[in-house]
Asks: 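Here's a structure for you.
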Amino acid sequence: GAGVSQTPSNKVTEKGKYVELRCDPISGHTALYWYRQSLGQGPEFLIYFQGTGAADDSGLPNDRFFAVRPEGSVSTLKIQRTERGDSAVYLCASSLTGEIDTQYFGPGTRLTVL
Amino acid sequence: SQKIEQNSEALNIQEGKTATLTCNYTNYSPAYLQWYRQDPGRGPVFLLLIRENEKEKRKERLKVTFDTTLKQSLFHITASQPADSATYLCALNTGGFKTIFGAGTRLFVKA
């Protein structure tokens with residue numbers, strides 16, 4: 001069975017541009033999480049989905065960040081008007097139910113904003 | 001303020017020895033605590049979970065302890081091997097959906 005996959009693996013963009021990062025969770029997992037990880041730091045929580053709805057988006061840093069999961073499976077993290085400080089690895093994880101449950105992480109998308 | 005602290009200095013040990021990593025936290029009341037392994041260029045991989053009412057958990061060569069009075073968890077790898085070299089992350093969950101990660105400690109096991 002496939003694990004969590006993320007595309008692209010690397011994304012280089014210019015300041016001010018719009019980017020979309022995609023996450024394909026493990027089939028059947030209802031819970032999906034997005035994290036951001038800067039060099040030398042642990043993953044920083046951004047948003048949690050239970051099914052199609054964002055159950056907790058308290059980690060999104062500002063309104064330039066938005067995420068969707070329209071059919072309860074694939075999720076897209078969208079960043080508008082990118083800034084150099086957005087450069088990081090964006091990690092996606094899924095879990096079966098979202099309760100006390102193992103989170104399975106994807107390999108991440110490395111975003112570089114020039 | 002709320003903090004999770006892991007030793008930022010890398011831990012270097014000899015193969016066969018026991019590695020002990022520390023996770024301290026302040027101003028949290030975690031419902032459970034997890035340890036993850038992360039290799040360069042990869043996402044974290046779940047290792048062990050311990051609940052607030054548990055003192056110790058074991059899995060093969062791994063052992064985790066959880067002291068809610070000291071606000072500390074210790075992670076042990078016995079009979080360490082070079083393949084255990086990685087960054088180890090401590091993560092707290094206070095009962096909601098948000099998982100809070102520490103910055104991790106890098107472990108190097110020399111042959």
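Since this is a predicted model, take the numbers as computed values, not measurements. FYI, side chains are in, hydrogens and waters are out, and symmetry mates aren't considered; it's all heavy atoms of this structure. A note on names: the letters A, B, ... follow the listed sequences, proteins ahead of strands, and every chain is numbered from 1.
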Asks: Are B/Y88 and B/F75 an aromatic pair by the rule of ring centers under 6.0 Å?
Replies: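 When the ring centroids of B/Y88 and B/F75 are compared, they turn out to be within the sub-6.0 Å range.
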
Asks: Using the benzene-type ring in the case of Trp, are the ring centres of A/Y35 and B/F101 under 6.0 Å apart?
Replies: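 Yes, close enough.
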
Asks: Under a 4.5 Å heavy-atom cut-off, does chain A meet the side chain of B/Y32, its backbone, both or neither?
Replies: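 Side chain only.
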
Asks: Counting heavy-atom pairs under 4.5 Å with chain A, which one of B/G102, B/C90, B/P44 comes out on top?
Replies: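 With the most close heavy-atom pairs to chain A, the winner is B/P44.
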
Asks: With chain B, which of A/Q41, A/Q50, A/E44 has the greatest number of heavy-atom pairs at distances under 4.5 Å?
Replies: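 When all of A/Q41, A/Q50, A/E44 are compared, A/Q41 has the most.
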
Asks: With a cut-off of 6.0 Å (strictly less than), are more than 12 heavy atoms of other residues, nucleotides or ligands near CG of A/L39?
Replies: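 No, CG of A/L39 has 12 or fewer neighbouring heavy atoms, counting only those of other groups under 6.0 Å.
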
Asks: Side chain from CB out, backbone as N, CA, C, O: work out which of these in B/R51 comes under 4.5 Å of a heavy atom of chain A, or both, or neither.
Replies: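 Only the side chain of B/R51 comes within 4.5 Å of chain A.
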
Asks: Please say whether more than 12 non-hydrogen atoms of neighbouring residues, nucleotides or ligands are located less than 6.0 Å from CD in B/Q14.
Replies: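 For B/Q14, atom CD is crowded (more than 12 foreign heavy atoms under 6.0 Å).
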
Asks: Select one option (side chain, backbone, both, neither) describing which atoms of A/Q37 are under 4.5 Å from chain B's heavy atoms.
Replies: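 Looking at A/Q37, just its side chain touches chain B.
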
Asks: Taking the side chain as every heavy atom from C-beta outward, state whether A/L91 and A/V89 have any atom pair closer than 4.5 Å.
Replies: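 Heavy-atom side-chain distance check passes, below 4.5 Å.
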
Asks: Go through the atoms of B/Q6 and report whether side chain, backbone, both or neither lie under 4.5 Å from a heavy atom of chain A.
Replies: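 Neither part; nothing is under 4.5 Å.
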
Asks: Picking from B/L49, B/T99, B/N93, B/I100, which has the most non-hydrogen pairs under 4.5 angstrom with chain A?
Replies: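 When all of B/L49, B/T99, B/N93, B/I100 are compared, B/T99 has the most.
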
Asks: Verify the ring-centre separation between B/F97 and A/Y33: is it less than 6.0 angstrom?
Replies: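 No, the ring of A/Y33 stays outside the 6.0 Å limit from the ring of B/F97, centre to centre.
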
